[in-house]
Amino acid sequence: MGGLTLKTIQGAVPRETILGDFPPLAPKELKERLAGWDRILIPCQPSPVDVQAVVALVAVFGRDPRLRLVWNALDGSAYSRPDTLRVLSAEVGCPVAKATIPRRVGFRNAQHSGWRGLDEASKSAILSLALEVTS
């Protein structure tokens, strides 16, 4: 599992947030690995097949308030249109982040090259998402 550590400040208290990115796991293993996490972000491409996978994942966790879907790979296709995203969002069974990840590769690159190696779009997406989920 890779991860990116972001130091954020809420009020006057610094806080560390770890964003993990790892391949799909068996439901039981996934639940065990994420047991102590404060938030669980689920990157998902806006396609019916990917949404079905998220629905199945949410079913494993139940109505866990830590879960939040994050739309990713928004490429301007019909599935990326706001009206389509609203329909797909209603199906997932967990809250959907306002922040999106235009290119998920930014998270993967950050694990290897750090913040300075990211392009501006990836930095902006990561920072927006981190601020949303830590506030």
ask   = Residues in side-chain hydrogen bond (donor to acceptor under 3.5 Å, both in side chains) with T84, at least two apart?
value = none
Below 3.5 Å, can you tabulate the donor-acceptor pairs from side chains in residues 55-64 to any protein atom, sequence neighbours excluded?
unit_1	atom_1	unit_2	atom_2	d
R63	NH1	G93	O	3.0
D64	OD1	R66	N	2.9
D64	OD1	R66	NE	3.1
D64	OD2	R66	NE	3.1
D64	OD2	R66	NH2	2.8

N72 to P46 - nearest heavy-atom pair and separation = O-CD, 3.3 Å
key: For A97 against L129, the heavy-atom pair lying closest together   = CB-CD1, 4.1 Å
request  = Working to the nearest 0.5 Å, report the span between CG of L88 and CG of D83.
outcome  = 10.0 Å
request  = Quick one: pull up CZ in R68 and CD1 in I40 and give me the separation to the nearest 0.5 Å.
outcome  = 11.5 Å
inquiry  = Closer than 3.5 angstrom, by distance alone: can the side chain of S89 be matched with the main-chain N or O of L85 as a donor-acceptor pair?
reply    = yes
message = I'd like to know if the side chain of E132 and the backbone of K98 have a donor-acceptor N/O pair within less than 3.5 Å.
response = yes
Spacing of CG belonging to L67 relative to CZ belonging to R39, to within rounding of 0.5 Å = 12.5 Å
